[in-house]
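Encoded as structure tokens, the structure appears first; notes follow it.
Each chain gets a letter, A, B and so on, in the order its sequence line appears, and its residues count up from 1.
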2 protein chains.
Amino acid sequence: MRTTRAFALLPGSTDGPDSTVLQATTIERRDPRPDDVVVRVTFCGVCHSDLHALDAAVGHLDGPFVPGHEFVGEVVEVGTEVRDRTVGQLVAVGNIVDSCGTCAACLGGDEPYCAEYPTTTYGGRDRIDGTPTQGAYADEYVVRADFTYPVPAGLDPAGVAPLMCAGVTVWQPLAHLGVGAGTTVGLVGLGGLGHLAVKLAAALGARVTVFTTSPGKEDLARSLGATDVVVSSDPQAMAAVAQTLEVVIDTVAAGHDLAPYLGALRIDGTLVVLAIPAEGWHLDAMAVLPRRRVMGSGSAGRPDTAAMLAFAAEHGITADVEVLGATEVDTALSRLRAGDVRFRFALDLSR
Amino acid sequence: MRTTRAFALLPGSTDGPDSTVLQATTIERRDPRPDDVVVRVTFCGVCHSDLHALDAAVGHLDGPFVPGHEFVGEVVEVGTEVRDRTVGQLVAVGNIVDSCGTCAACLGGDEPYCAEYPTTTYGGRDRIDGTPTQGAYADEYVVRADFTYPVPAGLDPAGVAPLMCAGVTVWQPLAHLGVGAGTTVGLVGLGGLGHLAVKLAAALGARVTVFTTSPGKEDLARSLGATDVVVSSDPQAMAAVAQTLEVVIDTVAAGHDLAPYLGALRIDGTLVVLAIPAEGWHLDAMAVLPRRRVMGSGSAGRPDTAAMLAFAAEHGITADVEVLGATEVDTALSRLRAGDVRFRFALDLSR
């Protein structure tokens with residue numbers, strides 16, 4: 001065993017709408033196994049999932065709980081059987097760190113849907129030793145080398161960290177639905193996921209329409225690559241976009257009315273719902289009638305993650321991040337709760 | 001104008017869960033326009049939509065209301081500009097009889113989704129003269145030749161009639177989703193649409209799993225071409241089929257829980273919902289997570305309808321019909337209400 005500094009929710013901590021109090025503490029990490037690398041974390045993104053997980057953990061802990069599942073860092077040790085990672089290399093890690101490797105999903109490169117359930121980067125349980133996984137709001141992370149990805153040269157590492165969760169989550173449906181030159185794509189929810197969806201779709205050659213409730217976001221949306229901006233509370237603007245889009249990416253975290261966005265789809269169009277609201281959604285039969293699809297999608301497997309990073313490198317795409325020192329994690333979490341972020345916080349573990 | 005005998009709901013008629021009273025009456029049809037044919041109806045299928053339409057029409061009529069939108073008949077007159085239909089030819093007609101012909105949907109062969117709304121076979125309004133369309137529970141129907149389809153030789157005409165609505169409705173998603181040899185297909189709701197879905201999917205080479213609430217339907221399902229039958233109330237049987245199907249065709253008319261059938265889909269699978277329940281459905285976020293789709297679908301356009309008929313002819317597929325005389329239409333409707341039909345009634349207009 002080895003130890004590392006981490007920012008953790010501890011048993012007895014309080015947490016709520018207005019306060020999340022993580023404490024710097026020391027946690028254990030396993031010694032690297034033959035197929036592991038040890039990563040010194042440099043930047044870790046702050047994902048909405050981290051907030052949800054913290055809220056769910058309060059009052060149910062018998063040990064520290066460390067969030068963080070989109071990070072980059074430097075390889076500082078390499079397991080004896082690892083051939084394709086070297087000390088000093090910059091790597092990125094996303095929200096899963098292991099899977100069975102033998103089920104149909106894993107063999108198909110869809111590790112998030114592993115039949116034995118993948119090992120999540122935090123809040124999971126290691127497949128070998130059964131210990132709880134602890135996230136990357138920490139100085140060091142020990143991980144199977146096969147679930148690390150070299151950070152492409154030329155990309156800002158802090159902005160790469162959110163690509164590993166927010167980025168792959170929007171990349172996968174864009175890629176699987178064949179979005180390319182001239183595809184008409186809509187985007188609902190211009191946040192951490194949404195801003196990357198606009199950048200990636202625009203770089204794929206799509207014409208991107210951003211739906212927003214805030215007329216003031218128009219310039220921002222265009223600066224990210226949007227071709228059109230529609231204020232969703234404007235009935236005339238919504239009518240004008242009806243039946244024009246082939247794909248709509250919907251990142252809104254809460255349950256909401258899907259019908260206006262389904263109505264924006266052409267025949268055979270697909271509305272991709274990327275959030276997991278507990279209340280689900282209501283689905284109107286007429287809204288999907290013209291062979292419209294509502295499609296869920298989670299994070300991506302290893303081949304798609306690698307493809308996303310290669311595409312991001314080719315097009316110089318990273319997340320827009322505000323970097324805070326790791327000791328400011330509570331500020332990041334409370335501002336994220338308040339929606340005061342453009343578009344993602346990244347924690348700098350060096351400070 | 002010309003006249004024809006028809007079976008109509010008349011103003012002041014009553015109609016309800018236990019009684020539908022159509023009366024033989026005389027209605028007007030237009031004289032054939034240059035692009036029309038006059039069809040002497042031989043068989044007309046009795047669709048669930050007819051019941052819904054009758055229920056909706058009671059108390060709101062200022063003239064006769066004639067259902068019937070899946071029929072076959074003999075061409076008895078041909079408009080002056082019609083080149084590809086001849087007197088004596090047997091043709092079939094489905095649930096739409098005209099559309100704008102110039103919008104993107106029409107140009108793409110998706111006339112049911114015409115931007116100007118297609119002219120439905122009954123309950124619509126003629127695009128030229130503005131008169132209400134009256135259905136094919138009648139001796140004669142006057143229709144644009146372009147919305148008639150030659151009945152393939154060798155198929156029982158009574159069994160062809162339901163192909164024109166029930167058949168194309170299930171054919172279209174099977175064809176559009178690329179169902180073919182070895183595709184794993186599920187079917188929910190073994191009725192008028194469902195039994196044709198089983199026949200068509202099996203003929204396409206799919207392995208078809210029929211979900212049923214009635215263990216006694218197993219032999220029947222297998223006789224139609226099902227490979228497997230799952231009693232949906234059996235948790236073990238449902239668990240065994242989880243994540244195995246690529247497509248599920250769901251024909252259940254009322255709103256119901258989609259989650260068990262979504263759970264039967266593999267990653268990237270599609271649940272096709274073919275009914276239009278007013279209450280819609282609840283969509284669970286976790287149930288669609290692994291890139292599963294819920295897709296609506298209505299009836300089919302002209303190219304798909306022609307393709308379905310060609311495929312049916314090649315494989316000798318017709319609907320299983322119980323033929324009743326047209327004067328027995330009330331019996332057909334009341335038995336359909338009670339679910340006492342296997343699998344479709346066809347009215348014989350000659351008696």
Side-chain angles (χ1 to χ4, degrees), chain A residues 103-115 118 169 172-173 175-177 242-244 250 252-255 257-259 262 265-301 304, chain B residues 103-115 118 169 172-173 175-177 242-244 250 252-255 257-259 262 265-301 304:
Chain A
C103 72
C106 287
L107 293 174
D110 276 316
E111 294 89 354
Y113 308 125
C114 172
T169 300
Q172 194 179 59
H176 273 251
L177 294 171
Q243 303 186 53
T244 63
D250 183 340
V252 174
D257 187 4
L258 301 182
L262 285 166
L265 290 175
R266 295 186 193 174
I267 298 169
D268 285 312
T270 302
L271 173 65
V272 183
V273 284
L274 290 177
I276 310 178
E279 66 272 35
W281 303 272
H282 175 259
L283 188 60
D284 179 69
M286 289 303 292
V288 290
L289 188 63
R291 295 199 305 269
R292 291 176 180 143
R293 286 86 157 158
V294 178
M295 172 183 166
S297 191
S299 66
D304 287 330
Chain B
C103 72
C106 287
L107 293 174
D110 276 315
E111 294 89 354
Y113 308 125
C114 171
T169 300
Q172 194 179 61
H176 273 251
L177 294 171
Q243 302 187 52
T244 63
D250 183 341
V252 174
D257 187 6
L258 301 181
L262 284 167
L265 290 174
R266 296 185 192 173
I267 298 169
D268 284 311
T270 302
L271 173 65
V272 183
V273 284
L274 290 177
I276 310 178
E279 65 272 34
W281 304 272
H282 175 258
L283 189 59
D284 179 69
M286 289 303 292
V288 289
L289 188 63
R291 295 199 305 269
R292 291 177 180 142
R293 286 84 157 159
V294 178
M295 171 183 165
S297 191
S299 66
D304 287 330

Q: Using non-hydrogen atoms and a 4.5 Å limit, figure out which bit of A/L262 sits close to chain B: side chain, backbone, both or neither.
A: neither
Q) Do you know which of B/L283, B/I267, B/T270, B/I276 has the most heavy-atom pairs under 4.5 Å to chain A? A) B/L283
Q: Please list, chain by chain and in numerical order, all residues satisfying side-chain hydrogen bond (donor to acceptor under 3.5 Å, both in side chains) with A/D304, sequence neighbours excluded.
A: A/Q172, A/H176
Q: Under the salt bridge (charged side-chain N to carboxylate O under 4.0 Å, His left out) rule, collect the residues that match up with B/D257, sequence neighbours excluded.
A: none
Q.
How long is the straight-line distance from CZ of B/R292 back to CE of A/M295, given to the nearest 0.5 Å?
A. 12.0 Å
**Q.** Heavy-atom closest contact (B/A285 atom, A/A275 atom, distance)
**A.** CB-O, 4.2 Å
Q. Is any residue of residues 105-115 of chain A within less than 4.5 Å of chain B by heavy atoms, and which ones?
A. A/A105, A/D110, A/Y113
Q.
By the salt bridge (charged side-chain N to carboxylate O under 4.0 Å, His left out) test, which pairs, at least two apart or in different chains, include something from residues 267-282 of chain B?
A. B/D268-B/R291, B/D268-B/R293
